[in-house]
There are 2 protein chains.
Amino acid sequence: MRDDITDSPDYCSIEIAMEVLGGRWKLAILKQLLSGTQRFGELRRALPRITQRMLTRQLRELEADGLVTRTVYREVPPKVEYSLTEVGRSLDDIAGLLDAWGRWYRGVHAAGPAASQGRTTAAREDRAAV
Amino acid sequence: MRDDITDSPDYCSIEIAMEVLGGRWKLAILKQLLSGTQRFGELRRALPRITQRMLTRQLRELEADGLVTRTVYREVPPKVEYSLTEVGRSLDDIAGLLDAWGRWYRGVHAAGPAASQGRTTAAREDRAAV
DNA sequence: TGCCCTAGTATCATGATGTATACCATCCGA
DNA sequence: TCGGATGGTATACATCATGATACTAGGGCA
């Protein structure tokens, strides 16, 4: 399902990036792991809005895509550590930029809520060219 | 649904960014629009893998979030032009980086497919610490 | 015996996306 | 006058991704 994209270099490469990073929580997880190895519970506490189920899934997908490494310690209670691979670390600047952009965007909406309130398309169509 | 996130500055701002950009095609569309105003059909041809339905939806969401502007010309056949707002243009460098990363990531997988084939987690758990 | 801990699984409900098709109003050609 | 072509939407349905909640495993401990 992924290979038919990777084979066609003429398509926008962002589509490839979104195949890997498009998950709702992927980049947030990567951002957390940029600060170093963390275990499952730490990630869960750092991202309180994510479900256990989703955290597990996204981590497994990230592992399958070669972005994170999963290390299981056979202890009781269980202990599983996650850390970034080289490929995962290569997203450092992108994650930083997205984080900064998110913070800035929140400010834009707080300052000028017109942008977020312009959800009525009708008014805009009225001033359309004739 | 979005405001409860925007009110809590302690959460990772990437979550905010993903609320807006998380759509499967949002960034690819933005990347296309970075080269200038385009009409619906042009975007559709530039992104052959997206369906009309999804293109319409994602564009409407981007408009609602203040990233793109939609201009309807009352002609027949209809003509609708889409262009980026200032907020949309602020994603220029991020889109560029993601595009470059996608291209690089595709190369990584082509060169060393080990990363993309490590989908069997069992082997890795065996070498886990005891 | 029964409860706690961590890292999950299992189950069900909701949302996002893919696919196919109908629609609209006008222009054009027969 | 009729039917097709046009460009952007809208609807119906199927599938995948995500969310919410409950439950498991297995040793430590009271």
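The structure displayed is predicted, hence computed values, not measured ones. Throughout, protein chains are lettered first and strands after them, A, B, ... in sequence-line order, and every chain is numbered starting at 1.
For A:Arg49 and D:dT21, the CZ to C1' distance is 18 Å, given to the nearest whole Å. Protein atom CD of B:Glu63 is 15 Å distant from nucleotide atom P of D:dG8, rounded to whole Å. Between A:Met18 atom CE and C:dT17 atom C1' there is a gap of 13 Å when expressed in whole angstrom units. B:Leu59 has its CG atom 17 Å from the P atom of D:dG7, to the nearest Å. Atom CZ of A:Arg24 is separated from atom P of C:dA16 by 10 Å (rounded to the nearest Å). The distance between atom CD1 of B:Ile50 and atom P of C:dT19, rounded to the nearest whole Å, is 11 Å. Between the CD atom of A:Gln52 and the P atom of D:dA22 there is a distance of 13 Å, given to the nearest Å. Taking atom CZ of residue B:Arg57 and atom P of nucleotide D:dG8, one finds them 19 Å apart after rounding to whole Å.
The heavy-atom pair separating A:Val68 from A:Leu59 by the smallest distance is CG2-O, 3.8 Å. Scanning all heavy atoms of the two residues, the minimum distance from A:Val108 to B:Val87 falls at CG1-CG2, 4.4 Å. B:Ser13 and A:Arg106 get closest at one heavy-atom pair: OG-NH2, 3.9 Å.
Considering only side-chain N and O atoms, A:Arg60 lies under 4.0 angstrom from the phosphate OP1 or OP2 of C:dT9. Look at A:Trp25 and you won't find any side-chain N or O under 4.0 angstrom from OP1 or OP2 of D:dA17. Applying the 4.0 Å criterion to OP1 and OP2 of C:dT17, one finds that B:Gln58 has a side-chain N or O inside that range. Distances shorter than 4.0 Å separate none of the side-chain N or O atoms of B:Thr56 from OP1 or OP2 on D:dG8.
Checking A:Arg53 against A:Pro78, the closest nucleotide of DNA chain D that is more toward the 5' end is the one next to A:Arg53.
Within the structure, salt bridge (charged side-chain N to carboxylate O under 4.0 Å, His left out) pairs that include any residue of residues 37-46 of chain B do not occur (at least two apart or interchain).
Near DNA chain C, defined here as any heavy-atom distance below 4.0 Å, the residues from residues 32-44 of chain A are A:Arg39, A:Phe40, A:Gly41, listed numerically.
Considering only residues two or more places apart in sequence or on other chains, A:Arg53 meets the salt bridge (Lys or Arg N to Asp or Glu O under 4.0 Å) condition with none of them. Residues forming a side chain to side chain contact (heavy atoms under 4.5 Å, CB included) with A:Leu97 (at least two apart in sequence, or on another chain): B:Asp93, B:Ile94, B:Leu97. Residues that satisfy the side-chain hydrogen bond (donor to acceptor under 3.5 Å, both in side chains) test with A:Gln52, not counting sequence neighbours, are absent from this structure. Residues passing the side-chain hydrogen bond (donor to acceptor under 3.5 Å, both in side chains) test with A:Ser90, sequence neighbours excluded: B:Trp101.
Five base pairs at each end of the helix from C:dT1-D:dA30 to C:dA30-D:dT1 define two local axes, and these are offset by 30° (rounded to 10°).
When atom types are taken as modelled, the side chain of A:Thr69 and the backbone of A:Leu84 share no donor-acceptor pair closer than 3.5 angstrom.
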Strictly under 3.5 Å: I want the nitrogen or oxygen pairs between protein and nucleotides 26-30 of chain C, one per line.
none

(message) For B:Arg49 and B:Trp25: C-alpha separation, side-chain torsions, deciding distance, then whether side chain to side chain contact (heavy atoms under 4.5 Å, CB included) applies.
(response) CA-CA 10 Å; B:Arg49 323 182 81 88; B:Trp25 301 96; 3.6 Å; yes
(message) Would B:Val80 and B:Arg70 count as a side chain to side chain contact (heavy atoms under 4.5 Å, CB included) here? Give the steps.
(response) CA-CA 7 Å; B:Val80 183; B:Arg70 178 166 176 266; 3.8 Å; yes
N/O donor to acceptor pairs below 3.5 angstrom from side-chain atoms of residues 28-36 of chain B, sequence neighbours left out:
from    : atom 1 : to      : atom 2 : distance (Å)
B:Ser35 : OG     : B:Gln32 : O      : 2.7
B:Ser35 : OG     : B:Gln38 : NE2    : 3.3

